[in-house]
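Along the sequence shown, the residues carry numbers beginning at 1.
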Amino acid sequence: YHWFESAGLSSPSLYVPPAWAMGNLPKKNLKALPFRFYETQTGIYDAGADVFYPLPVAGYMADNRFRTQVLKVTNLICRLPFFDLFRIAIHPDDMDLPLENHLKKHLRSCRGFTTSGHLENT
C-alpha cells in the first residue's frame with residue numbers, strides 16, 4: 001500500500017493476496033488496515049461495509065491435462081449469463097500454457113478490451 005504512495009501513485013483500495021490466501025485473519029482486523037477491499041477465491045470482501053460479494057473467477061494457469069479440463073469447465077460456468085460480473089486471473093506464464101488461446105479469446109470478448117487484449121479507455 002505505502003509503496004504506491006512513495007512511487008507517486010494512487011494507493012489501491014483492493015488487496016489481492018498471493019493465491020487468494022487470506023488465512024485465518026479475523027475480518028474485524030481488516031478494518032484497521034489501509035485497504036477497503038480484499039479478494040478471496042470466491043469473491044470480494046468490503047471491509048468498510050462489512051459485506052462479502054460473491055464473484056466467480058476464470059483462470060488459465062493449466063500446467064497439466066487435469067487442470068486444463070477443470071479450468072475449461074469452471075471458466076465456462078463463470079461466463080454463464082446469470083453472472084453479471086466475473087474476474088479473470090492472469091499469471092505470467094499463462095501465455096505459454098495449454099489454455100493460451102482460451103485466455104486470448106476470453107479477453108477479446110470482454111467489453112473494454114481491444115483485439116490485442118489491452119484495456120481501452122471506455
Is the distance between the ring centroids of Y45 and F37 less than 6.0 Å?
no

Roughly how far, to the nearest 0.5 Å, is the CE atom of M95 from the CG atom of N101?
9.0 Å

Any side-chain heavy-atom pair from P98 and T68 closer than 4.5 angstrom?
yes

Treat each ILVMFWY residue as a node, draw an edge where side-chain heavy atoms are under 4.5 Å apart, and state whether L14 and L85 are in one component.
yes

Atom of P17, atom of E39 and distance for their closest heavy-atom approach:
CD-O, 3.4 Å

So does E100 get a backbone contact from the side chain of D94, meaning a donor-acceptor N/O pair under 3.5 Å?
no

Rounded to the nearest 0.5 Å, what's the gap from OG1 on T40 to CG on L55? Could you check?
9.0 Å

Where L99 and G59 come nearest, the two heavy atoms and their spacing
CD1-O, 4.5 Å

Closest non-hydrogen contact found for Q41 with R87 is O-NH2, 3.2 Å

Closest heavy-atom contact between K27 and D50?
CD-OD1, 4.5 Å

Evaluate the side-chain proximity of F35 to L30: yes if any heavy-atom separation is below 4.5 Å, no if none is.
no

Report the distance from atom CD1 of I77 to atom CZ of F86, rounding to the nearest 0.5 Å.
13.0 Å

Check this for me, if you would: do R36 and D46 make a salt bridge, where the nitrogen-to-carboxylate-oxygen distance has to be below 4.0 angstrom?
yes

For residues L33 and Y38, determine if any side-chain heavy atom of one lies less than 4.5 Å from a side-chain heavy atom of the other.
yes

Go through V70 and R67 one step at a time and tell me if the side chain to side chain contact (heavy atoms under 4.5 Å, CB included) criterion holds.
CA-CA 5 Å; V70 168; R67 286 190 186 116; 5.6 Å; no

Tell me if a side-chain donor or acceptor on N29 pairs with a main-chain N or O of L25 at a distance below 3.5 Å.
no

Rounded to the nearest 0.5 angstrom, the NE2-OH distance for H102 and Y60 is 8.5 Å

Within one Ile-Leu-Val-Met-Phe-Trp-Tyr cluster: L71 and F66, side-chain cutoff 4.5 Å
no

Can you give me the closest heavy-atom contact between S10 and F4, atom names plus distance?
O-CB, 3.7 Å

Shortest non-hydrogen separation from E5 to S11 and the atoms involved
CG-OG, 2.8 Å

Distance (rounded to the nearest 0.5 Å) between D96 CG and D63 CG:
12.0 Å

Can you confirm whether W3 sits close enough to L9 that some side-chain heavy atom of one is under 4.5 Å from a side-chain heavy atom of the other?
yes

How many angstroms lie between CG in L107 and CD1 in I88, if you round to the nearest 0.5 Å?
5.0 Å

